[in-house]
Structures are given as C-alpha cells and as structure tokens.
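Encoded as structure tokens, the structure appears first; notes follow it.
Reckoned from all heavy atoms, side chains included, excluding hydrogens, waters and symmetry mates. The sequence lines fix the lettering, A, B, ..., with proteins before strands; numbering per chain opens at 1.
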Amino acid sequence: MQFNLVSKDPKSAARAGEITTDHGKINTPIFMPVGTAGSVKGLHIHDVKTDVNAEIILGNTYHLYLRPGLDILHQVGGLHKFNGWDRPILTDSGGYQVYSLADRRKLTREGVVFQSHIDGSKHQFTPERVMDIERTIGADIIMAFDECTPYPCDYKYAASSLDITHHWLDRCVEQVKNTEPQYGYNQALFPIVQGSTYRDLRVKSAEYIASKGADGNAIGGLSVGEPHEDMYEMTDLVCRILPDDKPRYLMGVGTPANILESIALGVDMFDCVMPTRNGRNGQLFTSEGIINIKNEKWKDDFSPIDPNGASMVDQVYSKAYLRHLIVSKEILGAMIASQHNLAFYLWLVRQAREHIISGDFASWKNVMAAKVNNRL
RNA sequence: GGGGAGAUACCGAAGCGGUCAAACGGGGCAGACUGUAAAUCUGUUGGCUCAGCCUUCGGAGGUUCGAAUCCUCCUCUCCCCA
C-alpha cells in the first residue's frame, strides 16, 4: 500500500492524497461506507460503486467470523469474491465489539473471550487469531486488534487499557510479519491510537503508534459519547504526532460536520454507520441541512429528496414519497434513504478534496459545516 | 316475529362501585442513533390559568357519600332461531 500527498491546505492541516492498493486507488479525504456483515445495508454493491461512488468499504472481523465463517470465506477466496466488490476493503478487527458487546465478553491481557450475540457460543479473540481471521477475510487494509474504551472512562482504566492495546499491537505486527496474504494481494496493517480523552495518554499512544512505521494510522476510541470539543481536541493532538506521509483514519466518525472539522485537523479517512443506520431511521443528510423525513411537514412536499443531490435517488424520488415509504416501513424507503445519505457523504468528501486542491478549503469548510448542521 | 350479545379516548381492546383521564396494542406526533446485537430504541397522545381544576366511557333519568362499572327507559350494532 502506498500513500501520496497530492496537496496541502495552506490555512488548515487538511490534505488531499491518494492511497494505492492492489484493488485500486483511493482519493483522500475519503468516507468509507460500513458493510459490517459484508454488505452495505440496503444497497446493491453496484450502486455503492457507481451511484454512491464509494472507493473503499468496510467489513467487520467479528461479524464475518461468526457468519458466514472462515470456511466459506476461505473457500470463495476472500470477501471481495464473496460480495462482488472489486475495489479496496478495510476490515475492522472486532475492537469496537470489545466496546459495544462489553457485557458479553471477558477481556484479559491475552485477549478477549466473546459470547456470540447470535447463539451464545464462546469464542476467543487474541491479536494473533484476529490477524489470521483478517488474512482469511482478505481485506486490503486490516485493523489491529484494540480495545475501544467507553466514555466516560476513568484514567486508571484508560491507562491500563492503552497498555493492553499497545501490547496487542506488537503481537499483531509480529503475526502479520509471520504470515502471508492468502489471495495474492497485499494487506496493510493499521495500528490504532487509544487513550480516551486524556491528553498525556493520547500523546503517549500516538508516539508509540507512530514509531511502528505502519502504512497508515488510525485514531480510535472517539465518538463514543464524549463532547465534540473533546473529540476535536484529541484528534488535533494526535494528528500533530502521527506521520504526515501516512494516511490518518479517524474511526467511527461521524456527522457531516464532524468529518469536515476533522479533515481540517489532518484526517484522511472516515467510516461511520450514521448514513445507513440513520437513513433507515428516517434521517437525511443534505447539502442544506438535516431532514427528519418522518416529520409531518414533508407529507406533501413533492420536491426532489435533494435538488443538488449526487445520487440517482435524489432526482427520481420526492420527499413526500420517501416519507410515505419510511413511515410505512417499506423496505424501499430504507434503501433510498441509505443510498441518498451515502451519496451525500461521498459527495461531501469529494468536494472537500477539490477545495483542498484549489486552496480554499478552510473558508469553504466553515460555510459548509454550518450548513450541514441546519435542522430543516 | 322470538332469543341472545354488545356500545369505552383517533382505531382495536381491557376495566365491571372508590387507588380511572381510564391498562395494553395499533395509529398519530416528536426525539435519539457516530470503527452496526439497530428496517432499532425512547417520549408523548382529552382540555386548561397544569403538583390543581374542568369535560369524558352510546343517550336520558335514577340508586349511592361516590358510577365507565348497579337500576329503568331510549337509540344503534352484531349473532342465532322462525
């Protein structure tokens, strides 16, 4: 994997770049649709590619390991072959499930024992095991196994958790070094900075992660309920330490405004379930602001979902029709809303990239960040 | 013509003398959702000058300290028999 910086914004830390993988190039800053179980919920892979114009999508190690399981993924030749997506894929390691499934797992320095949310069966995830699983899934970018700490998180816990995450990272690096990709293309390991909302822990972690010389670096443990100011403060702090010539990935972020602000701090990659999950629940993100399409006021608004929208669905369907579909719990409603939101997110990061290259990102960002936060 | 059952808030449906402005569903309205245990979850849903008051359980009377709940008549629905 390679990263080339294309352009830097003179008035902020924003940059435009290009990641090259064996499955093609990724223009940064980029938003990566989340496809936890091997599918971007509600969308055909064809639409993710040609309508949303996604350049890379996510898969999840924990979920894919449980279902369909490694046998199937190995038989078919990896996730790309399985779901038909021939562009880059990134897999999260299950570190987020250490957080979100906290009441069904036991964490030790050795690893984590999960109780499956599907059938209750027990499974052990160690850094070595997770690397093996990510090898079998076959993503282009594989995430180190970490603990995403909750918020709030007391200092003592955050510090000891960080120590474990760093220890696990060493083991991930070692395991990746000692194993080969299974399908003939390369896999890049991204380590993850943790440290909750504590400056000294974040600095310590960022310095440690930077010292590993990975192809790209991630910032985790944010957007878990902390105030936005804390999230930006930590992101800023960490971005100043992580190497400039490697992509920076802010995990799990976020709202359109979060993404714009974080790009300004030097982040290159994002992922979030928000466009799909919130879309299914009737929340639309548009260039003019946020719409709760379930609200009564849209019932007779026959204008396009988003007149400036980048997706086919924006032109074809009206707000009133989409409201009807969502309110009626029609599957198509969830599909349209998800597709619209993802297309908007991808449009937004493409715009950001263009403005970084043209040199007016900072001023554009300030206007746009306010606009996308409007409640319509 | 004869016999029986029933009418409760937007809808369905509990309640069968006080703790009932009335359970529970649905619908309506609003909110939440950030590396997806989420096509999920939460709040609210008679009115008002709102820790109190007013009007409500088909209609009109009545019994009672007190009625959605008991009695009488009326209106309307549904079922069975002829």
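Separation of the A:Phe125 and A:Tyr65 ring centroids falls under the 6.0 Å cut-off.
Using a 4.0 Å heavy-atom criterion, one finds that A:Asn281 contacts the bases of the nucleic acid, with or without backbone contacts as well. Using a 4.0 Å heavy-atom criterion, one finds that A:Asp146 contacts the bases of the nucleic acid, with or without backbone contacts as well. Within 4.0 Å (heavy atoms only), A:Gly333 reaches no atom of the nucleic acid at all. Nucleic acid contact class of A:Thr276 (heavy atoms, under 4.0 Å, all strands): base. Across all strands, A:Val40 comes closer than 4.0 Å to no nucleic acid atom at all (heavy-atom distances).
For B:U69 and B:A7, the C1' atoms lie 14 Å apart once the distance is rounded to whole Å. The same atom, C1', is picked in B:A38 and in B:G46; the two are 35 Å apart, to the nearest Å. Spacing of P atoms, B:A60 relative to B:A67, comes out at 15 Å, to the nearest Å. Comparing the P positions of B:U64 and B:C78 gives an interatomic distance of 38 Å, to the nearest angstrom. Taking the P atoms as reference points, B:G31 lies 29 Å from B:G12, given to the whole Å. Rounded to whole Å, the C1' atom of B:A13 lies 13 Å from the corresponding atom of B:C57.
Checking the phosphate oxygens (OP1, OP2) of B:U34, a side-chain nitrogen or oxygen of A:Arg277 falls inside 4.0 Å. Within the 4.0 Å cut-off from OP1 or OP2 of B:A32, at least one side-chain nitrogen or oxygen of A:Arg375 is found. Residue A:Thr36 places at least one side-chain N or O closer than 4.0 Å to OP1 or OP2 of B:U36. Residue A:Gln97 places at least one side-chain N or O closer than 4.0 Å to OP1 or OP2 of B:U36. Of the side-chain N and O atoms in A:Asn60, none sit less than 4.0 angstrom from OP1 or OP2 of B:G35.
The one candidate from A:Val34, A:Asn83, A:Asp271 that meets the side-chain contact (heavy atoms from CB on, under 4.5 Å) condition with A:Ile57 is A:Asn83.
For A:His167, the NE2 atom sits in a packed shell: over 12 heavy atoms of surrounding residues, nucleotides or ligands are nearer than 6.0 Å.
Nucleotide B:G1 forms a pair with B:C81, judged by Watson-Crick or G-U wobble geometry with both contacts under 3.5 Å.
You'll find the side chain of A:Leu169 reaches within 4.5 Å of the side chain of A:Lys212, heavy atoms only.
Atom pair A:Asn295:CG and B:C29:P shows a separation of 9 Å (rounding to whole Å applied). We find that CZ of A:Arg280 is positioned 12 Å from P of B:U34, with the value rounded to whole Å.
Rounded to the nearest 0.5 angstrom, A:Lys246 NZ and A:Ile19 CD1 are separated by 11.5 Å.
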